[in-house]
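First listed ligand is number 1; within each ligand, the first listed atom is number 1. Worth knowing before you read on, the calculation uses all heavy atoms, side chains too, and leaves out hydrogens, waters and symmetry mates.
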Amino acid sequence: MSDPIKQVDAAVIGGGVIGCSIAWRLGQAGMRVVVIERGRVGGEASHAAGGMLAPLAEAERADDFFNLTVAGLAMYADFARELKESSGVDVEYRAEGTLYLALTEEDEEEIDRRCRWQHEAGLNVERLDASRALELEPLINPALRFALKYPGDHQVDNRRLMTALHAAALNAGVEFWPYTEARELLVESVSGQKRITGVATARGEVRARAVVVAAGSWSSLLRCDEPPRFEIEPVRGQMVAIEMPAPAVRHVIYSCRGYLVPRLSGFLIAGSTTERAGYDKRVTAGGVASIIERAIEITPSLANQTVTETWAGLRPHAPDDLPILGADPRVAGLIYATGHYRNGILLAPITARAISELIIKGESLINLAPFNVARFARHSGAG
Ligand SMILES: Cc1cc2nc3c(=O)[nH]c(=O)nc-3n(C[C@H](O)[C@H](O)[C@H](O)COP(=O)(O)OP(=O)(O)OC[C@H]3O[C@@H](n4cnc5c(N)ncnc54)[C@H](O)[C@@H]3O)c2cc1C
């Protein structure tokens, strides 16, 4: 049987890292908030991720998106500290930095190019010769040619992060409706102006003056009289955990083909694939084989270690690779926080701050204009 209608200040659709971070901030500000989550809280992409906080290792150019990731990373240490105080959970935020290895002649060219533009842009990147890189990480492939070090790129344990966010949001008074699907965004029209009134869910109606769509890869599937002008595409990433006593490897290590993320609990996460396979979350033999081959190329001794877990998750990808953040200009009170693709763990603190300020004060000092959904109307030529 459905619950009677529920009245809140804000409804958040999706209990991933983005929805939970926003809900936590709104709850802290004293708002009545419900998170509507179709499955387990934090059970999708936010569980599957590697937890790298790596604006520099991932950057191709210094643009608006890069600036957002750098500003987001700058918030992480305080975010992790505050989460620990609020939840009691240590999210294992670590600042050892990231290494990027050149293992072949082609890698040398690619990584030299990367190093040059990053130097010219004044970014914090160090070039290490092979012997220095091996001093830092003795288990990496001794055949390496050179490496880049990004001291400013950090990491967090994203599964612990989800546990912490869930607990902190509950402690801030946020109500969770897990295993409850949001089915439709409810919109009314008054004197030609459309505004959100709430969400129809499998458990009944939630009425709210603000509704945040933070449904990850499923964000453009919600029914609505004003359907979104964008499509979020799921991009599958498979992962493999390999046993490795800590602290045998300390840095996040990239090659041009894969990466390794060390966890303090004694394993390495090897990633990943980038596959357009729809909503198919299977782990495949080909996916695992390619990940393991690339992991062994980075650290040859992994060939003798035990594989302890494999999994896959869906990265939420918008057509232009950028996140979709902020108010829908067509429907008052409808707010998007989605499309974080490869960087949702990194961008959770800054997304939460910007979106919660938007809801509470009507504006944010964080410039969300480059990420507003209106850009798709411009591209399609629609009004
Ligand atoms: C393999 C892999 C590695 C990654 N590595 C990193 C990394 O190292 N660093 C980084 O920053 N990012 C990484 N990412 C990206 C990051 O995981 C995502 O960008 C981030 O988790 C997105 O968070 P989200 O809350 O938007 O989505 P999700 O975590 O997918 O949460 C969305 C939630 O919405 C719920 N939902 C959907 N539809 C409905 C509905 N109709 N009603 C109710 N609930 C609904 C879903 O059940 C889900 O729980 C990685 C992703 C993958 C897959």
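A salt bridge is defined here as a Lys NZ or Arg NE, NH1 or NH2 lying under 4.0 Å from an Asp or Glu carboxylate O, and D157 with R159 fails to meet this definition. A salt bridge does not link D107 with R145: none of the charged nitrogens is closer than 4.0 Å to a carboxylate oxygen. One finds no salt bridge joining E363 and K361 here, because no Lys/Arg side-chain nitrogen approaches an Asp/Glu carboxylate oxygen to under 4.0 Å. Salt bridge E226/K194: present, at least one basic N to carboxylate O contact under 4.0 Å.
For atom 15 (C) of ligand 1, the closest non-hydrogen atom of the protein is Y341 O, 3.0 Å. Counting only heavy atoms of the protein, atom 49 (O) of ligand 1 lies nearest to E37 OE1, 2.7 Å. Of all protein heavy atoms, the one lying nearest to atom 9 (N) of ligand 1 is M52 O, 2.9 Å. Atom 11 (O) of ligand 1 has L346 N, 2.9 Å as its closest protein atom, hydrogens excluded (heavy atom only). Among protein heavy atoms, the minimum distance from atom 27 (O) of ligand 1 is reached at G216 CA, 3.6 Å. Scanning the protein heavy atoms around atom 31 (O) of ligand 1, the nearest turns out to be G16 CA, 3.4 Å. The protein heavy-atom contact nearest to atom 24 (P) of ligand 1 is I18 CG1, 3.8 Å. Regarding atom 52 (C) of ligand 1, its nearest protein heavy-atom neighbour is R315 CG, 3.7 Å.
The closest approach between a heavy atom of G51 and any atom of ligand 1 is below 4.0 Å.
Residue G19 has no nitrogen or oxygen atom sitting less than 3.5 Å from a nitrogen or oxygen atom of ligand 1, judged on distance alone. Considering backbone and side-chain N/O atoms, L222 never comes within less than 3.5 Å of an N/O atom of ligand 1. Residue A337 has no N or O atom closer than 3.5 Å to an N or O atom of ligand 1. For ligand 1, the polar-atom distance check against I13 finds no nitrogen or oxygen pair separated by under 3.5 Å. The shortest N or O to N or O distance between S217 and ligand 1 is not under 3.5 Å. Residue M239 places no N or O, backbone or side chain, under 3.5 Å from any N or O of ligand 1. An N or O contact shorter than 3.5 Å is missing between E181 and ligand 1 by distance. Annotation: R38 places an N or O atom under 3.5 Å from an N or O atom of ligand 1; distance criterion only.
Annotation: cation-pi geometry not satisfied between R61 and W117 (NZ/CZ under 6.0 angstrom from ring centroid, within 45° of ring axis).
By the 6.0 Å contact criterion, CD on E309 is enclosed, its count of non-hydrogen atoms from other residues, nucleotides or ligands being greater than 12. The number of heavy-atom neighbours closer than 6.0 Å to CD of E109, taken from other residues, nucleotides and ligands shown, is 12 or below.
Numbered from 1 in the order shown, with element, the atoms of ligand 1 that lie under 4.0 Å from a heavy atom of S272 read 1 (C). Under a 4.0 Å criterion applied to the non-hydrogen atoms of E44, ligand 1 contributes the atoms 30 (O), 46 (C), 47 (O), 48 (C), 49 (O). Close approach to H340 involves these atoms of ligand 1, each under 4.0 Å from a residue heavy atom: 19 (O). Taking a cut-off of under 4.0 Å to the non-hydrogen atoms of G14, the atoms of ligand 1 that pass are 33 (C), 34 (O), 35 (C). Of all the atoms in ligand 1, the ones that sit under 4.0 Å from a non-hydrogen atom of G237 are 1 (C). Listed by atom number, the atoms of ligand 1 under 4.0 Å from N343 heavy atoms are 10 (C), 11 (O), 12 (N). Close approach to G313 involves these atoms of ligand 1, each under 4.0 Å from a residue heavy atom: 53 (C).
The closest side-chain heavy-atom distance from W311 to Q238 is not below 4.5 Å.
In this structure a side-chain-to-backbone donor-acceptor pair under 3.5 Å is missing from R330 to A374. Between the side chain of N372 and the backbone N or O of G326, no donor-acceptor pair lies under 3.5 Å.
E297 contributes atom CD, which lies 5.5 Å from atom OG of S255 (distance to the nearest 0.5 angstrom). Once rounded to the nearest 0.5 Å, the distance linking CD of Q7 with CD1 of I5 reads 9.0 Å. In this structure, the separation between CG on L83 and CG on D78 is 11.0 Å, given to the nearest 0.5 Å.
Between H154 and Y76, the distance separating the two ring centers is not shorter than 6.0 angstrom.
For residues 18-43, the side-chain hydrogen bond (donor to acceptor under 3.5 Å, both in side chains) pairs, not counting sequence neighbours, are D9-R32, R25-Q28, R25-E82, Q28-E82. Applying the ring-ring contact (aromatic ring centres under 6.0 Å, His included) rule to pairs touching residues 316-339 yields F230-Y336, H317-Y341, sequence neighbours excluded.
In A214, the part holding a heavy atom less than 4.0 Å from any atom of ligand 1 is the backbone. Contact annotation: for T180 versus ligand 1, heavy atoms closer than 4.0 Å belong to the backbone alone. The backbone of R342, and not its side chain, has at least one atom closer than 4.0 Å to an atom of ligand 1 (non-hydrogen atoms only; backbone = N, CA, C, O).
Taking all heavy atoms of A182, A48, A45 into account, the minimum distance to atom 17 (O) of ligand 1 is reached by A45. Looking at S46, G344, G39, it is S46 that brings a heavy atom closest to atom 21 (O) of ligand 1.
When all heavy atoms of Q118 and L56 are compared, the closest pair comes out as NE2-O, 3.1 Å.
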